[in-house]
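In what follows, a structure is listed as structure tokens, so that the remarks can point back to it.
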There are 2 protein chains.
Amino acid sequence: MIETLLCRLENFQPLADEDRRVLQQALTPPVRMDRGEDVISEGERPEHVHLMIDGWACRYKLLADGQRHIMAYLMPGDLCDIHITLLNRMDHSIGILTRAHVAGIPRQALDHIYAHHPELTRALFWSTLVDEATLREWLVNEGHRPADQRLAHLFCELLVRARVAGLTENHCMELPLTQDELSDAMGLSTVHTNRVLQKLRREGLLTLRGRTLSVHDWQGLTEFADFDPLYLHLERSERMSDLLGGI
Amino acid sequence: MIETLLCRLENFQPLADEDRRVLQQALTPPVRMDRGEDVISEGERPEHVHLMIDGWACRYKLLADGQRHIMAYLMPGDLCDIHITLLNRMDHSIGILTRAHVAGIPRQALDHIYAHHPELTRALFWSTLVDEATLREWLVNEGHRPADQRLAHLFCELLVRARVAGLTENHCMELPLTQDELSDAMGLSTVHTNRVLQKLRREGLLTLRGRTLSVHDWQGLTEFADFDPLYLHLERSERMSDLLGGI
DNA sequence: CGATCTGTTGATGCTCATCAAATCCAGTGG
DNA sequence: CCACTGGATTTGATGAGCATCAACAGATCG
């Protein structure tokens with residue numbers, strides 16, 4: 001799954017073999033984690049950067065009233081928290097959503113990369129900038145789009161990201177999220193999310209059942225959601241071209 | 001106003017005189033801009049990083065239906081778009097909100113900094129991580145908080161940021177935003193924003209009139225808004241201590 | 001096989017958008 | 001100095017979108 005990460009980083013620019021090796025060797029062995037556990041919690045001082053090997057996680061914050069807001073989904077190949085070497089304390093938590101394996105890059109190894117591998121450093125920096133761009137799009141999504149478009153837009157994004165990570169078959173992907181977890185990310189109630197999902201299904205755009213997302217009308221979905229993948233900055237990905245062609 | 005930037009960067013760690021000089025000398029002379037102009041537009045390939053000398057700007061995207069969503073406010077001392085050196089094309093625009101002066105750091109100068117001034121580079125990287133953290137908080141704000149808390153939270157943030165930039169007097173600051181511009185950031189209609197502002201005023205929390213924000217009950221406001229400034233990562237700022245003490 | 005989590009359905013009401021019009025204000029030109 | 005103008009703020013009325021509460025059906029799992 002380091003392959004997935006490398007593959008993603010190469011959306012910025014091709015990596016030297018040396019850089020690939022350095023990154024690979026920096027990784028600690030994957031740790032098994034279960035749904036409900038935190039990779040790291042708000043307020044903690046992190047010592048590792050974490051990499052999702054398999055399984056899904058999310059960034060989230062808890063509000064004063066106990067509600068959880070999910071700010072990002074992390075799928076296999078995603079780095080969880082590069083920030084962390086530079087920020088003192090986590091301002092949010094990272095929680096596991098499925099059975100998962102998580103590897104780490106020790107702070108020390110990362111410092112070494114920063115000091116001696118400028119190209120790799122830039123690639124990692126690039127990757128956080130993409131995360132930031134994604135965050136901006138989510139902000140637009142929650143701020144301005146009604147519930148149906150909002151969910152549709154999320155599914156577009158997830159399908160593209162999964163595609164680039166090699167996690168799709170045709171227009172289907174494993175999506176191990178409950179409607180509750182979707183709701184906490186979209187700022188909707190579970191009930192409303194449920195009704196919107198039914199509507200998207202009725203309209204022949206997609207179905208979500210048994211942890212599998214199937215997109216039936218990709219073109220229709222992207223148009224409905226006003227989805228423009230520019231913000232994912234994946235222009236270089238070969239796996240993207242057919243999808244993008246369809247947009 | 002480079003002072004403000006340096007002062008902000010030193011929230012990460014004190015800068016060497018050498019680094020301060022390098023940054024100062026990298027700046028191009030400020031250019032005068034007017035409300036409505038774009039510093040840079042979506043899709044463009046940027047050649048400078050921009051620094052707000054005076055006046056305000058915002059990051060925004062235009063949606064398919066013509067609505068504008070504001071994703072960040074930029075005040076004097078804020079860098080607009082460091083990303084830019086690494087991302088190919090802007091996935092959003094930066095628009096001027098008041099008469100303003102904007103300086104630039106040429107891409108070339110920035111590359112030089114990246115290559116030869118690791119500490120300064122880290123400080124700049126840190127600064128984008130804070131931007132990202134702010135984005136996450138905005139996401140929570142729009143996703144989960146009702147309109148009154150949402151606006152209150154925004155005002156808390158703006159006051160703290162202005163305070164650190166030396167732009168406040170007591171609990172007042174110049175806030176040159178129309179209710180329309182506030183609405184576009186909060187995902188509310190102008191009408192509703194207006195009513196919420198009246199409510200916050202009636203409750204004695206703050207008044208916003210004639211481009212001036214006056215917070216009358218800081219403690220009450222932060223409690224009402226569920227505001228925790230951790231995400232701004234300003235622990236080192238001396239100017240913050242009195243405000244934070246009040247939280 | 002019950003216990004628990006997830007998904008589904010119905011009913012009710014609040015928050016907020018929308019439309020429309022009135023007022024206020026700063027700037028501009030006669 | 002005043003009339004004019006266009007933008008910003010304010011007010012009222014109406015209705016849509018979505019939250020909330022409650023209950024039930026299905027799935028999953030030890």
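Each chain gets a letter, A, B and so on, in the order the sequences are listed, and its residues count up from 1.
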Salt bridge check: are R35(B) and E181(B) linked by an N-O gap of less than 4.0 Å?
-> yes

Closest non-hydrogen atoms of M173(B) and L167(B), given as atom of the first, atom of the second and distance, are CB-O, 3.9 Å

Which is the 5'-most and which the 3'-most nucleotide of DNA chain D that has an atom under 4.0 Å from a heavy atom of chain B?
-> dA8(D) to dA13(D)

Between the side chains of H144(B) and Q67(A), is a donor N or O closer than 3.5 angstrom to an acceptor N or O?
-> yes

Salt-bridge present (D54(B), R99(B); N to O < 4.0 Å) | no

In terms of heavy-atom contacts, G204(B) and D217(B) come closest through O-CB, 3.8 Å

Can you give one letter per nucleotide of nucleotides 5-17 of chain C, 5' to 3': B if a protein heavy atom sits under 4.0 Å from the base, S if only from the sugar-phosphate, - if neither?
-> -SSBBBB----BS

Parallel, tilted or perpendicular, as decided by the 30° and 60° cut-offs, for the rings of H153(B) and Y231(B) | parallel

Test side chain to side chain donor-acceptor pair (under 3.5 Å) applied to R89(A) - qualifying residues, sequence neighbours left out | none

